[in-house]
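For reference, the structure is listed below as structure tokens.
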Amino acid sequence: CERCQCHGEDKHPAILYTLLSQNLHPGRARQRCLCHQRRTVRLRTPHATCQAASAVLLKTISFMKNLPSFHQLPREDQLLLLDSCWVPLFLLGLVQEMVTFEVMEAPAPSMLKKILLSGQSKGQEPERTQPTLAAVQRLQCCLNAFWSLDLSPKEYAYLKGAILFNPDIPGLRAALHIQSLQREAQRALQELLQPLHPEDQGRLSHILVVASTLKSTPPALITDLFFRPIIGDADIVELLVEMLYEASG
């Protein structure tokens, strides 16, 4: 690390860091430098970015609400699909709406404060986590990969269907039907691609591979980065359920 704070100028662990690390994590003080992993970030323009992200999230939920094939599924399956798929669908919405964002380094948590408060945190709410620079950079790489594909609106629509109807989620009651819906969405996407990109026979596979990177994005990262400043400590999935079923009956 260029600006490592774990070591002194002689590259040996600084005494204060060693003492505090032994107190927090006994036996771990001699591990490799954790500066990069601990470098937390936050949005550079939180008001504008969170507002844009919220608009994308509303469109994501509206997409589900307007799919008759989704509402014909058992309610339990709808909830499982929502919980599992809202992140990749939201990220796909960010790409489609061309929402960009920048981050800045967040103030580092005080290790001395953690030491002083250790043993007094029972019954208190856990300290709110913040995204790391490495995690945000991975996310931005995924979004850039999608932007390079330059998908059409119809491609986005069919791809969203292929992502939403994921038959591999444990506990689904109508897994076979959901699998058929996914295959239908993928087949429609393939039929759309053939006349649009006749020279690119591997475009569907490429799109699905890039889409798989969105599925691996941790929900906590998206929540903490885009929505925690708005919803506070509320459970975002509970809010999504309310959004999905409000005024639906």
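Only heavy atoms go into these numbers, but all of them, side chains included; no hydrogens, no water, no symmetry mates. If you're wondering where the values come from, they're calculated on a predicted model, not measured in any experiment.
- The shortest heavy-atom contact between A162 and A185 is N-CB, 3.6 Å.
- Surrounding NE2 of H197 are more than 12 heavy atoms belonging to other residues, nucleotides or ligands, all under 6.0 Å away.
- Note that OG1 of T60 and CH2 of W86 are 9.5 Å apart. Values are rounded to the nearest 0.5 Å.
- Counting heavy atoms from C-beta outward, L91 and L139 have side chains that approach closer than 4.5 Å.
- Nearest heavy-atom pair across V136 and P131 is CG2-CB, 4.0 Å.
- Taking each heavy atom of W147 and T100 in turn, the nearest pair found is CH2-CG2, 4.0 Å.
- Within 6.0 Å of atom NZ in K154, 12 or fewer heavy atoms from other residues, nucleotides or ligands are found, so the atom counts as exposed in its surroundings.
- In this structure, K59 and Q96 have side chains that are not in contact, with every pair of non-hydrogen atoms separated by 4.5 Å or more.
- Here salt bridge (Lys or Arg N to Asp or Glu O under 4.0 Å) pairs that include residues 155-176, with residues two or more places apart or in two chains, are E76-R173, E155-R203.
- Between F70 and F165, the ring planes are tilted. Angles from 30° to 60° get that label.
- L196 and L192 make their closest contact through CG-O, 3.4 Å (heavy atoms, listed as atom of the first residue, atom of the second, distance).
- In this structure, L57 and F227 have side chains that are in contact, with non-hydrogen atoms separated by less than 4.5 Å.
- Within the 4.5 Å cutoff, side-chain heavy atoms of L43 are placed close to those of L225.
- The shortest heavy-atom contact between A211 and I163 is CB-CD1, 4.2 Å.
- Put simply, the side chain of I61 reaches to within 4.5 Å of the side chain of L82, judged on heavy atoms.
- I178 pairs with exactly one of N166, L164, I169, L81 by the side chain to side chain contact (heavy atoms under 4.5 Å, CB included) rule, that one being L81.
- Taken to the nearest 0.5 Å, the OG1 atom of T45 stands 7.5 Å off from the CD atom of E102.
- Taking all atoms of both residues into account, the shortest heavy-atom contact from A135 to L221 is O-CD2, 3.9 Å.
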